[in-house]
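See structure below.
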Amino acid sequence: MIQTSGLTKKFGSVTALDDVDLEVATGTVVGLLGHNGAGKTTLVNVLSTQVRPSAGTARVAGYDVVDQGAEVRRRIGLTGQFAAVDDNLSGRDNLVLLGRLFGASRSAARRRADELIEAFDLTDAAKRQTRGYSGGMRRRVDLAACLVGRPRLIFLDEPTTGLDPQSRRAVWETIEGLVADGATVLLTTQYLEEADRLASAITVLADGRVIAAGPTAELKAKVGRRTVNVTLRSVDDVATATDALRRNGFTPTGEAGSRVLTTPVTTSGELVAVVRAIDEVRVEIAELAFAEPTLDDAYLALNEKRHEHSHETTTEGTV
Ligand SMILES: Nc1ncnc2c1ncn2[C@@H]1O[C@H](COP(=O)(O)OP(=O)(O)OP(=O)(O)O)[C@@H](O)[C@H]1O
Ligand SMILES: [Mg+2]
């Protein structure tokens, strides 16, 4: 559904996208992650034909974003569109109007608007002018607006930023429903829990470059850490247990005043070695947990690597 090759975008001296190769298979959700200014929005803008690439190519739904922009635009849903519609109209009237612009009959446009209003829990707000909407309501109407034309490819740039937990969950369920119906989604988010729940594959951008890409599960397994979390019976035992673990080659960490020690391990088999090391120094364990790597871990590890790397290059540069 999306295919880019060597995609590059420069704004003056800033390289917002640097040689990006991206592939998004039809019917999947791909999470696009990266620090502020990494280039996520720029990538969405290029793919949705709002910004022209400086170099490289991008095809969306089989069409070139530069030469066949109109074909691309006809097939995508994009949040932010709502900013273009009328603040004096109610949420429902705006959705009906958009439906009409997509060529639906009056009754079909009304039906679609009502479906979306229900899906986004906007029933109470539907009849009020959108100018009085709260930030979260506005965002939900924006998302509903992007779905009016039932696009097969949807760009969601931070769709749940600023939403309360119920609204966030409602948006997640909507996205899951869209994908179950065969839609493809490119999702940028700062919430790793959101990416983990929705995205089957992840691309991580840093300074405009792809620093990691692949199935979410693989990325976690490869980059994330497994840990053993040991809760000791007493906080007085923390120093003894820490020493014992260190002697056995582990690198435990814990917060000051806490009875919990966290130790990275590579296999679940090391759990036994952790317990044995603590048992040998006669420290009592109150609770023991093995934690699989999370996307948070993987993401942080990737960014740590990137910082180490950029530090190295800086050092080289100054020598
Ligand atoms: N229109 C523009 N003119 C000049 N520079 C721009 C423009 N748009 C983006 N940039 C720059 O390109 C880089 C990437 O910005 P972009 O908005 O794509 O990042 P992002 O990953 O979406 O960040 P955030 O998480 O903050 O939304 C930044 O350095 C930004 O300042
Ligand atoms: Mg952005």
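Both counts, for ligands and for their atoms, begin at 1 and track the order of listing. In what follows, residues are counted from 1 in the order of the sequence shown.
- Taking a distance limit of 4.0 Å, we find that atom 6 (C) of ligand 1 is approached by some protein heavy atom.
- Protein heavy atom at the shortest distance from atom 25 (O) of ligand 1 is Lys40 NZ, 2.7 Å.
- One hydrophobic cluster, built from ILVMFWY side chains closer than 4.5 Å, cannot hold both Leu32 and Leu300; they sit in different ones.
- The single protein non-hydrogen atom nearest to atom 23 (O) of ligand 1 is Gly37 N, 2.7 Å, given as residue, atom name and distance.
- Every atom of ligand 1 with a heavy atom of Ala16 under 4.0 Å away is listed here by number and element: 12 (O), 13 (C), 14 (C).
- Using modelled atom types, one finds a donor on one side chain and an acceptor on the other under 3.5 Å when comparing Thr294 with Asp297.
- Among protein heavy atoms, the minimum distance from atom 26 (O) of ligand 1 is reached at Asn36 ND2, 3.1 Å.
- For a threshold of 3.5 Å applied to N or O pairs, the pair formed by Ala38 and ligand 1 contains at least one separation below that value.
- Counting heavy atoms from C-beta on, the side chains of Leu205 and Val210 come closer than 4.5 Å.
- The contact set between ligand 1 and Thr41, taken as ligand atoms under 4.0 Å from a residue heavy atom, comprises 17 (O), 18 (O), 20 (P), 22 (O), 27 (O).
- Residue contacts with ligand 1: Lys9 is excluded, as none of its non-hydrogen atoms falls under 4.0 Å.
- Interface atoms of ligand 1 facing Thr42, defined by a heavy-atom separation under 4.0 Å, are 9 (C), 14 (C), 15 (O), 16 (P), 18 (O).
- Residue Thr188 does not count as close to the Mg ion (ligand 2), with no N, O or S atom under 2.8 Å.
- Where the criterion is an N or O separation shorter than 3.5 Å, residue side chain and backbone included, Phe11 fails it with respect to ligand 1.
- For Gly34, no nitrogen or oxygen atom sits less than 3.5 Å from a nitrogen or oxygen atom of ligand 1, counting backbone and side chain alike.
- Proximity of a side-chain donor or acceptor of Ser90 to a complementary backbone N or O of Ala126 within less than 3.5 Å is detected.
- Annotation for ligand 1: atoms under 4.0 Å from non-hydrogen atoms of Gln190 are 25 (O).
- A cation-pi contact, defined as under 6.0 Å to the ring centre and within 45° of the axis, links Arg168 to Tyr191.
- Using a cut-off of 4.0 Å between Lys/Arg side-chain N and Asp/Glu carboxylate O, Asp87 and Arg138 are scored as salt-bridged.
- At a threshold of 4.5 Å between non-hydrogen side-chain atoms, the residues Val44 and Leu78 count as touching.
- In summary, the atoms of ligand 1 found under 4.0 Å from a heavy atom of Glu158, numbered by their order in the structure, are 25 (O), 27 (O).
- Looking at atom 29 (O) of ligand 1, its nearest protein heavy atom turns out to be Val14 CG1, 3.6 Å.
- Between the side chains of Asp164 and Ser167, at least one donor N or O lies within less than 3.5 Å of an accepting N or O.
- Panel note: side chain Arg139, backbone Thr161; a donor-acceptor pair is recorded below 3.5 Å.
- Counting only residues at least two apart or in different chains, side chain to side chain donor-acceptor pair (under 3.5 Å) contacts with residues 212-221 comprise Asp196-Lys220.
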